[in-house]
Amino acid sequence: MFGLFGFGRASTLYFQMTPQFVIARDVDTQRQWSDSPYIALSRCGHIKAIGSLALRFDADFNDYIVCMNPFDVEEGVEAILMSAILEQGMKQVHRGFLRPNVILHPLESDASKWKLSEMRCWQKLAHRSDGVKTYVWTGRVLLDVEARQQNFPLDSGTLAYTCEYDLRKKLSS
């Protein structure tokens, strides 16, 4: 009965990311958000806008605002900027009370060719997502059924990283 109201199990959010776009989709409800992966930052580092709105901020306030694409910035900063985009996507598509399962899918990437710094970035991003379970998948685009069941076709890609949310660690810190 509770499954009808979204209480039964965590939904699954599937993020597909490239340097040109980000798509966030709840595979259970089919709610979707897509935008460009830009972030407008004030000179003191506050986020002013995300997505296509960030590009407009950059054009109008270029003396005060810096527009960045997390895929094009230096090592160490990208996970922080990408997590802001992830959070925006979650706000747009996730409506449940329970933490969702999260699948991060860098579309134009092959985990077997990642440098250590790229792997660390995706690991940090997975931990920042606060999903019940978070997966980093590289390979073909997943079908909704595969994403919902976290059934990754390992003959068509690589499950690069998996992490689980640990409430005990959050409560003790």
Side-chain angles (χ1 to χ4, degrees), residues 12-25 27 33-55 57-58 62 65-94 99-142 146-147 150-170 172-173:
T12 301
L13 303 184
Y14 183 29
F15 287 85
Q16 299 171 10
M17 299 177 266
T18 71
Q20 294 79 30
F21 66 86
V22 174
I23 297 172
R25 189 173 81 249
V27 296
W33 169 80
S34 62
D35 210 337
S36 59
Y38 287 93
I39 297 180
L41 298 170
S42 67
R43 294 282 179 197
C44 58
H46 294 108
I47 296 174
K48 295 297 185 185
I50 293 176
S52 53
L53 185 60
L55 295 172
F57 255 91
D58 188 42
N62 60 7
I65 303 291
V66 177
C67 191
M68 302 175 134
N69 184 328
F71 289 92
D72 297 335
V73 297
E74 64 188 56
E75 202 175 300
V77 179
E78 70 271 71
I80 296 166
L81 296 177
M82 285 175 146
S83 66
I85 293 171
L86 214 104
E87 188 177 319
Q88 178 71 12
M90 283 184 160
K91 285 180 188 175
Q92 298 297 320
V93 300
H94 182 60
R99 289 181 183 277
N101 292 305
V102 178
I103 299 171
L104 305 175
H105 187 175
L107 290 174
E108 298 174 356
S109 189
D110 179 3
S112 64
K113 295 178 183 168
W114 282 352
K115 294 184 280 185
L116 187 58
S117 60
E118 289 174 290
M119 187 61 187
R120 279 196 200 121
C121 171
W122 287 104
Q123 288 173 348
K124 285 180 196 173
L125 191 59
H127 285 281
R128 286 175 177 264
S129 76
D130 280 340
V132 174
K133 288 185 180 175
T134 303
Y135 306 91
V136 178
W137 165 255
T138 60
R140 70 166 173 76
V141 174
L142 297 172
E146 293 169 330
Q150 288 94 46
N151 182 15
F152 300 95
L154 297 177
D155 59 335
S156 302
T158 305
L159 189 56
Y161 189 71
T162 304
C163 70
E164 289 191 44
Y165 183 79
D166 189 351
L167 183 60
R168 290 173 295 197
K169 277 186 180 176
K170 291 284 185 181
S172 65
S173 60

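Predicted model only: the values in this text are computed from it and were never measured.
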Trace of the ring pair (Phe, Tyr, Trp, His ring centres under 6.0 Å) decision for H127 with Y161: CA-CA 10 Å; H127 285 281; Y161 189 71; 5.7 Å; yes
Residues forming a salt bridge (charged side-chain N to carboxylate O under 4.0 Å, His left out) with R140, sequence neighbours excluded: E146
Smallest separation among heavy atoms of V136 and P106, with atom names: CG1-CD, 4.4 Å
Contact check, side chains of Q16 and V141, non-hydrogen atoms, under 4.5 Å: yes
Contact summary for S42 and I65, nearest pair of heavy atoms: CA-CD1, 4.1 Å
P19 to F71 - nearest heavy-atom pair and separation: CA-CD1, 3.6 Å
D35 and S52: side chain donor to acceptor below 3.5 Å: yes
Main-chain N/O of A111 paired with T158 side-chain donor or acceptor, under 3.5 Å: no
Any I23 side-chain heavy atom under 4.5 Å of W33 side chain: no
Least distance between heavy atoms, P70 atom then L81 atom: CG-CB, 3.8 Å
Residues C67, L55; criterion side chain to side chain contact (heavy atoms under 4.5 Å, CB included); working and verdict: CA-CA 7 Å; C67 191; L55 295 172; 3.8 Å; yes
Residues which pass salt bridge (charged side-chain N to carboxylate O under 4.0 Å, His left out) with E87, listed by chain and number, not counting sequence neighbours: K91
Non-hydrogen side-chain atoms of M82 and W122 separated by less than 4.5 Å: yes
Residue pair T12, Q150: steps toward the side chain to side chain contact (heavy atoms under 4.5 Å, CB included) verdict: CA-CA 9 Å; T12 301; Q150 288 94 46; 3.1 Å; yes
